[in-house]
Structure formats: structure tokens, C-alpha cells
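So you know, we letter chains A, B, ... as the sequences are listed, proteins then strands, and number each from 1.
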Amino acid sequence: MSQETWKIDVNHVTRVEGHGSIKVNVRDGVVEDVKLCIVEAHRFFESFTRGMLPQEIPWIVGRICGICCVGHQLAATKAVEDALGLKPTPQAVVMRRLLSHSQFIQSHVLHVYFLAVPDFLGAPSVLPLAKTHPEVVRRALRLKKLANDFTEVFGGRTLHPMSNTLIGWRKLPSRKAIQDIRDRLRAALPDLEQTVAIVGTLPMPPYERETEYVSLKRPDGYALYDGLIYSSDTGEYAPVSDYRQVCNEHTVAHSTTKWSRWHRDSYAVGALARVNNSYDQLHPKAKQVAEALGLRVPCYNPYANNLAQVVEIAHCSYESLDLLDQLLAGELVPDDLSFELRAGRGFGAVEVPRGVLFHEYAFDDEGRCCDANAVIPTSQNIANIEADMRAFVPKMLGERDRDDIRLHMEMLLRAYDPCISCSVHLLDVDFVE
Amino acid sequence: MKPKVAFFDFASCEGCQLAVLNCEDQLLDLLERIDLVEFREALSETSARYDIAFVEGSVHREEDAERLRDLRERSTILVAMGGCANTGNVQARANATAPAVHLERIYGAEARDRVLTDTEHWKLWAHTRVRAIEDVVAVDYVLRGCPIVPADFLHLVTRLLMGSKPRVERYPVCVECKEAGNRCVFEQGGTCMGQLTWGGCEAVCVSHGYHCDGCRGLLPEANLGAHRVLLRSTGMSDADIDSRYALFCATQSKAIGSNS
């Protein structure tokens, strides 16, 4: 087979969010071209937000993505607050961290169990697993429901929550709801242990490529809701307002998303980048999970992103228990949400399950939005995914048949957990012959 | 034979498909009763014909319209699922501005000109305008809202599986808002679109301290002219009123008209 000329075209790769294609051309046994094509239609959020009021922005731009709606809402909330010189109350910051944690648990559980585990168990989807591994599917659904209910307690509902706004909370959750979710989260710890056990048995494809890892980072905690921009290449921090220099967005014709590069041609964001960059700041229980999974940092195997996601499920679960106790130790106080419209420009960054997310907004003298920009994790990862494919396909050519290469390309893409509807749309792998 | 059920998405956040996956307690029972043949977000399987196709998202390019026409032909029942599919939702606000202007703002003039003239790839970039599903093909049933209400989905799919007609309540959000015991947003000094908007959401936003922005779409009998007069009386300018209507109802508010 190695002397053949052929192409892989996977159009509309499944089990990723959004539409993308992988194109691999092999000529005379040599990999000639690997392209990751994003074919999603445009939605123009950064343009049509013009004219909106500040408090409308986080509410509307959460609609960029269903899975990351909490993260988009939080990044936008922070950016708009920055533009208007507003400060969230300390109570609101704790509740935003809890909202963010609930989203990480939900998204990582969905990704690990529904999108990645079927590959490793050789199933085309999670559906046949309901017959062959019913306990796995039931546990996945239990954990996912718990995480969704957790989001609902603090957000008002699971998808496109409405409770959080500029400065603080429109309506506070009840004490009883907070207690209930804390008790349920504690009761779910055995399910978490079982998750670690099953993911620990999954074989990892043995492909590694050292790259630059970029994430938020802070010395005093595992940076998810806030932190400065950090690169594993330089070991230095950059302020969030410098994000445009970090992302260096550029356009390529075969994808409707923008691509990023910082110190080299590509960099990686996401769970593995965060664990690599901030391992020391993980909750002690999450470090135990990393050890149990054999995840040692720095780790250069992109397929291990799934392991890093499980480490983060543990981190977010245990830290949430601490934060919920902290919240219950005092009384919740309603926030004064009044503010004055004014001109200004502001920046906000949060980590979302797929990596660091940047939002920027400007407001005119009447306080209406006049400029907006968002840089999404998946668009930052795309150049890196393509670089991984370029590095791995030649190695796979000698070791695997075409169907297996196709599967491993798709698995690689899914390991990054791309969220193509955010970044416009992502990928299809076609072997073109 | 179990009915073949499929989910498709066009331009959207894909949150309505997630809302389906979020029916955790009913999901396994449902999967016993249907043959789920396409759900790209979660599955790799595909099929040639569908008994029920759920379609999320709006149509932005001609190649997407062709894909939609093709799947309409292969589907017995087609359900437009969620705000984007039904009205174009938040992204229909983009229709007020030429696509080339959007592309310039987001990608820059040079990149816009390059991608729009690239012979191999221009179709990818050829945004026309945001269209609801029913603007392209016939729709049999709708699930409203941004996001859809999971109970609506379960009700519809149960009735379709039983071969009976789904229930459709036709009343504004205010009905359920009163039932929920909320104080009227206007009385609290705010503004609200609940009077104009299809109910069925249990007024969840007002119940959580916000107001209604009309994500379930405007009722056919919505009196936008009277509503505009009401909003003006709170001190809102016409520009802000237009912007408010165009948060979730850009296509509808234009079609119904309210500049009286």
C-alpha cells in the first residue's frame, strides 16, 4: 500500500461539535498534504453585536456555543465589566467559579464518555455501549445530569443560563438548592472513581509531538476563571489585554475559522495544556487521579487530552465541594446591579473545557457596543492539530492500514474536543483516491 | 419496525441537540423505541431515509440550502428544532448588514477579498443571508425557544411515536409568568417582550430575575405597534427598541412591522 497514491477525505467528522473535514493526500507512499478544513457557516457574532447594550452582550454571545455557553457568558461578562470599570462582588466571583466548574464537569463527562470512549472500546458510538456496557452508560448519564443540575442551581438553567450578569446575580440560588447539590456531588465521588478506573484501562495511541502549551495561569490556584496568559515555551506571563499578540490570528482559504500562532507555527490549548502548565496548582485529589492514570507532565501525547480531562473532572469536583462549603458558611447577599453607561474598551479571558477563550468589547459614548472580538480555543488549536497530523501520518503509514489511519485521525481530532460551531465549523477526513 | 430518527444541524450553537442529550432520565427508554440513525454530535452512523428528522440551525449559504432540500426529500416528518431553525434567532440580526461588511469587520478587507475570489473555496465563504428552515423547505412541526424546552421535545417525540397529534398551546409568556407568581417586569421598572412571545417556557427568565427577550418567537397576533408605544413610554428610543426586537426576533419583527 505504501507506494499507492491516495487521499483520505473525512467529510463532516462525527462526534465533534460543528462541521469539519480532514484531508490527507499521499503520493507514492509519501504524505503530500494534510489539511484540516472547517466548513461551518458564518454567524457573525463579532459584527452583529454592534448596537447592543452592555448587559445584553454576555446574554447573547453565550449563544456562540451550546456546550461552552457558560464560558462564553463569563468571558463576555468579564470583558464588559472591564470596559465599564465595574467590579463583580466577591460572592459573585465564587458563584461564577462554581458555574465554570459545573460546565467543565458536564463538558468533560460528555466528551470522555460519549465522544472518546466509544473509539477506545471499538464502538461506532455510545449507543451500542448501552447494550454491551450498560453500567458505563448509566454512570455517564448520572454524572452528566448531576453536572447539568449543578449549572442550573447557579445559572437558572443548564443551557444559556440567565442568572449571572454584570457585577453579580439577578436572582440568588436558595440555600437548600446549594446544600442539595453539595450533597449530590459528594455522593457522586464513587462514580468519579469508576470513571478514573475505566479511562485508566483505555489504550493510548503512542504518538507524541512536543509543542507549545498555552493557558491561563496563576500562582495561587489552578487557573480556570481567571489568570494571566502563560506559555510553556517562555515560562512567561502576558496580560489578557495582549491576547491579540498571543493569538496572531490569520485566515486560510480552506477553513472558515481563523488560525493562531505565537512563538512557533502552532500551539495547543485545552485540558492537556492546562495540566502541563499548572500541574502544581491542581487539587491534591486531582494529582492523585493524574498519578492513577499515569499522566506525567510534561506530556506530549495529544491523545492524552482525554486523561487530562478526567484529571480536571476530579479537580473541579473537589474544588466545588470546598467552594460550596465556603458559600454555605455565610449568608448570600443580593447584589446591587446598577451601573452607568459609558464609553470604554475591555478584555476578558477564561479557560473553557477546550482551552483559553478571549473576548473583547468596545462601547461608544452612548454606551452601545461598537466593536467586538472573540478568539475561541478551537481556532487556536487548529494549526496544532494539523501539525500533529503531518507528524503522525507518516509514522502511521508503516504501521496501520488506511481505515485505521482514518480512525486515528478522527480520534486525534476528537481528542482535542473541537468545538467547531464556536470557531465557525471544523472537520471531515476523506481519503481521496 | 422502529422509526428511523435523525438529528441534523445547520448554523447554530448546537445547544438544542445538547438539550436532547440532557434528557438523561428518558434517554435510554427513548432509544429503546427509536432507531437513532444520525446524530453527528454523538454518533458516527448514517442512513438513507428518515421517518423523523430534527433540524437545528438556520441556513446561511446556498450549499446548506441544497443539503437541507436533500434531507427534506429523504424525511417523512421534518421538525424545525429551536430558535435558529424557526426564526433565525440571534444570528438573524446579521441580515441588517451586508455579508461583505461582516467579513471585513471580522477578517479584514484583504482576507475578505482573497477568500471570496478563491476559486476552490469561495462557496465555503458565500454567506447569503440567515434563513429559517421554513424559508427553504416545508416544516411539519416546530420546537420553539433558545434553547428548546426538553419537556417539549419529549412531548412531541412521544406523540409522534404514538401516531397522535402533539399539543400546541397558543398563549403568551405572560400566562405562565402569572402562574409562576412573578411580579410584572414593567411594574419592577424594566421592559419585557412576554406579551408578544409564544409561551411554553414557564417564564423561566422572568422567574430568575431577568425579562423576556422573545426567544420563542412572536405570536401571530403579536401587536408590535402597541408594544412599541409601551416601550417608548419607559423612555426607550426607537433605535434601542429596534435593537431589542432584533436580539431574538430580527426576521419576525421586520416582517410584522411595528413602526406605528
Side-chain angles (χ1 to χ4, degrees), chain A residues 12 14-19 37 39-48 51-53 56 59-60 62-67 69 110 114-115 118 124-127 130 137-138 141-142 144-145 148 156-163 165 169-171 250-251 253-256 258 368 373 421-422, chain B residues 9-19 21-22 24-25 27-28 31 36 39-45 59-61 64 89-91 93-94 96-97 99 101-103 105-108 111 114-115 118 120-121 124-125 127 130 146-147 204-205 207-210 213 239-240 243-244 246-247:
Chain A
H12 295 269
T14 53
R15 282 185 278 144
V16 300
E17 219 209 345
H19 296 268
C37 307
V39 298
E40 184 96 11
H42 288 98
R43 294 164 69 215
F44 301 130
F45 274 82
E46 294 149 298
S47 179
F48 74 63
M52 289 185 190
L53 290 160
E56 290 171 342
W59 168 238
I60 297 300
R63 267 80 182 177
I64 291 174
C65 175
I67 293 194
C69 55
L110 181 74
F114 283 58
L115 312 181
S125 74
V126 72
L127 288 190
V137 175
R138 290 193 186 281
L141 290 172
R142 270 200 308 276
K144 204 169 86 57
K145 182 176 170 57
N148 282 334
R157 73 176 163 198
T158 303
L159 283 158
H160 306 316
M162 71 297 278
S163 296
T165 184
W169 246 245
R170 292 191 170 106
K171 189 180 176 201
H250 54 287
T251 311
H254 63 268
S255 292
T256 51
K258 294 194 263 193
R368 289 354 180 239
N373 191 37
S421 41
C422 294
Chain B
D9 53 84
F10 290 85
S12 65
C13 78
E14 304 186 16
C16 291
Q17 288 175 86
L18 266 188
L21 288 178
N22 287 352
E24 291 98 349
D25 292 338
L27 209 54
L28 293 180
L31 290 173
L36 183 56
F39 197 143
R40 202 190 38 75
E41 214 174 67
L43 302 184
S44 298
E45 291 96 335
V59 177
H60 297 191
R61 295 176 298 202
D64 300 321
N89 205 32
V90 293
Q91 55 217 17
R93 186 181 174 101
T97 305
V101 174
H102 291 304
L103 289 170
R105 286 178 187 167
I106 296 172
Y107 298 93
R114 181 161 44 84
V115 296
D118 181 301
E120 253 188 82
H121 298 104
L124 262 188
W125 295 77
H127 179 101
V130 175
C146 177
V204 64
C205 293
S207 297
H208 284 86
Y210 203 28
D213 272 335
D240 279 345
S243 176
R244 175 75 171 276
L247 288 181

| field | Option that, when pairs with chain A are counted at under 4.5 Å, heavy atom only, ranks first among Val130(B), Val204(B), Val59(B) | value | Val204(B)
| query | Checking heavy atoms, do the side chain of Arg368(A), its backbone, both or neither come under 4.5 Å from chain B? | reply | side chain
| Closest heavy-atom contact between Cys205(B) and Arg157(A)? | SG-NH2, 4.3 Å
| request: Work out which heavy atom in Arg170(A) is nearest to a heavy atom in His208(B); give both atom names and the distance. | output: CB-O, 3.6 Å
| task | Show your working on side chain to side chain contact (heavy atoms under 4.5 Å, CB included) between Glu24(B) and Asn148(A) and close with a plain yes or no. | result | CA-CA 10 Å; Glu24(B) 291 98 349; Asn148(A) 282 334; 2.7 Å; yes
| task | Only counting residues at least two apart or in another chain, list the ones meeting side chain to side chain donor-acceptor pair (under 3.5 Å) with His160(A). | result | none
| remark: Okay, Cys16(B) and chain A: the region with an atom under 4.5 Å from a heavy atom over there is neither
| field | Residue part contacting chain B, namely of Trp59(A), when any heavy atom lies under 4.5 Å | value | side chain
| What heavy-atom pair brings Ser47(A) and Arg105(B) nearest, and what distance separates the two atoms? | OG-NH1, 2.7 Å
| request: Any chance you could measure Asn22(B), atom CG, to Thr158(A), atom OG1, to the nearest 0.5 Å? | output: 5.5 Å
| note | With chain B, the option among Leu141(A), Thr165(A), Leu53(A) that has the most non-hydrogen atom pairs under 4.5 Å is Leu141(A)
| remark: In terms of heavy-atom contacts, Gln91(B) and Phe45(A) come closest through OE1-CE1, 4.3 Å
| How far apart are the closest heavy atoms of Phe44(A) and Pro99(B), and which atoms are they? | CZ-O, 4.4 Å
| note | Honestly, the part of His102(B) sitting under 4.5 Å from a heavy atom of chain A is both
| said: For Leu159(A) versus Pro147(B), what's the shortest heavy-atom pair and its separation? | reply: CB-CG, 3.6 Å
| task | Could you walk me through whether Ile106(B) and His42(A) pass side chain to side chain contact (heavy atoms under 4.5 Å, CB included), step by step? | result | CA-CA 10 Å; Ile106(B) 296 172; His42(A) 288 98; over 6 Å; no
